[in-house]
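Heads up: the structure comes next, in structure tokens.
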Amino acid sequence: MVYWELVIIKKRKNEGTNRYYSLAKKLKREGKTNEEFEIIFNNLSLEEVIGLKLELASRFAFNGKMYGLPIWISLPNIVRDAVLKFAVSATRTKNEAARFLGLNVRHLHALIKKYEIDNYFQEEVDKEP
């Protein structure tokens, strides 16, 4: 085996199945964010981000239910969905994401299916060579 073959094998080993899963890239591609917005956004705390998003969404509330959902009851699922998307985009493999979240792989795969994480990132995977 020659040197360049070893480099390719090593590169493939470092790139896991999640290599195309990036929430930031997906949102940029969809025109929902840009470099300037991300810099400003990064200066906000998580609590400020959530509060601001809820305040902006409340302008369009329907019978006290933003997005047609009772927010307090829906928060655990909303947060789990967001953390799951982050974990999958921040790790190289699903196994690594499971370890990061403190879950076993079977439970992670069930959550990925429940929250349709693969479908969320699928468009991005399809566009990559």
Side-chain angles (χ1 to χ4, degrees):
M1 195 175 286
V2 292
Y3 173 75
W4 63 270
E5 287 176 331
L6 290 173
V7 170
I8 291 172
I9 291 170
K10 186 171 183 169
K11 185 175 181 182
R12 282 187 195 143
K13 192 173 183 179
N14 286 335
E15 291 181 351
T17 56
N18 296 354
R19 70 176 174 252
Y20 298 116
Y21 288 13
S22 171
L23 189 55
K25 286 180 185 177
K26 180 180 183 348
L27 295 174
K28 280 181 184 176
R29 192 171 283 126
E30 293 173 353
K32 294 181 179 180
T33 184
N34 58 37
E35 188 84 21
E36 183 181 349
F37 174 77
E38 288 179 354
I39 291 168
I40 294 168
F41 189 78
N42 194 44
N43 289 320
L44 299 173
S45 70
L46 187 55
E47 295 82 359
E48 290 170 332
V49 169
I50 294 169
L52 179 59
K53 178 63 179 166
L54 292 173
E55 181 179 329
L56 295 173
S58 71
R59 294 179 186 168
F60 304 103
F62 178 72
N63 291 334
K65 295 181 180 179
M66 290 182 273
Y67 308 110
L69 303 169
I71 290 296
W72 192 257
I73 294 169
S74 302
L75 274 177
N77 285 326
I78 293 168
V79 172
R80 285 185 184 107
D81 180 53
V83 171
L84 193 55
K85 284 176 183 166
F86 165 73
V88 170
S89 69
T91 57
R92 292 179 300 187
T93 65
K94 303 270 189 327
N95 289 344
E96 196 175 304
R99 283 192 304 274
F100 174 79
L101 294 169
L103 303 171
N104 65 45
V105 177
R106 184 176 292 159
H107 190 198
L108 176 70
H109 284 287
L111 291 172
I112 286 172
K113 186 175 181 178
K114 176 182 178 181
Y115 290 98
E116 300 178 353
I117 300 301
D118 286 333
N119 292 341
Y120 182 79
F121 289 108
Q122 192 61 44
E123 181 181 308
E124 192 168 319
V125 172
D126 290 343
K127 289 183 179 179
E128 295 293 329

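Note that these values count all heavy atoms, side chains included, but never hydrogens, waters or copies made by symmetry.
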**Message:** On a heavy-atom basis, which atom in Thr91 and which in Ala97 lie closest, and how many Å separate them?
**Reply:** OG1-CB, 3.3 Å
**Request:** Identify the heavy atoms of Asn77 and Tyr115 that sit nearest to each other, and give their distance.
**Result:** OD1-OH, 2.9 Å
With hydrophobic residues grouped by side-chain heavy-atom distances under 4.5 Å, do [X] and [Y] end up in a single group?
X: Ile78; Y: Leu23; value: no
X: Phe37; Y: Leu27; value: no
X: Ile71; Y: Leu52; value: no
X: Val83; Y: Val88; value: yes
X: Leu54; Y: Trp72; value: yes

Enumerate donor-acceptor pairs with a distance under 3.5 Å from any side-chain N or O in residues 41-48 to protein atoms, sequence neighbours excluded.
unit_1 : atom_1 : unit_2 : atom_2 : d
Asn43  : ND2    : Ile39  : O      : 3.3
Ser45  : OG     : Glu47  : OE1    : 3.4
Ser45  : OG     : Glu48  : N      : 3.1
Ser45  : OG     : Glu48  : OE1    : 3.4
Glu48  : OE1    : Ser45  : N      : 2.8

A side-chain contact here means heavy atoms from C-beta on lying under 4.5 Å apart; do [X] and [Y] qualify?
X: Lys26; Y: Lys32; result: no
X: Leu108; Y: Leu84; result: yes
X: Ser89; Y: Phe121; result: yes

**Message:** With rounding to the nearest 0.5 angstrom, report the NE2 to CG distance, His109 to Asp118.
**Reply:**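 Those atoms lie 9.0 Å apart.
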**Request:** Using a strict 4.0 Å threshold on nitrogen-to-oxygen distance, state whether Asp81 and Lys114 make a salt bridge.
**Result:** no
**Message:** By the definition side chain to side chain contact (heavy atoms under 4.5 Å, CB included), identify the one residue from Lys85, His107, Lys94 that meets it with Ile112.
**Reply:** Lys94
**Sequence neighbours excluded - ring pair (Phe, Tyr, Trp, His ring centres under 6.0 Å) pairs with any residue from residues 73-103** =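 Every pair satisfying ring pair (Phe, Tyr, Trp, His ring centres under 6.0 Å) with a residue in residues 73-103: Phe86-Phe100.
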**Atom CG of Leu56 with >12 non-hydrogen neighbours under 6.0 angstrom** = yes
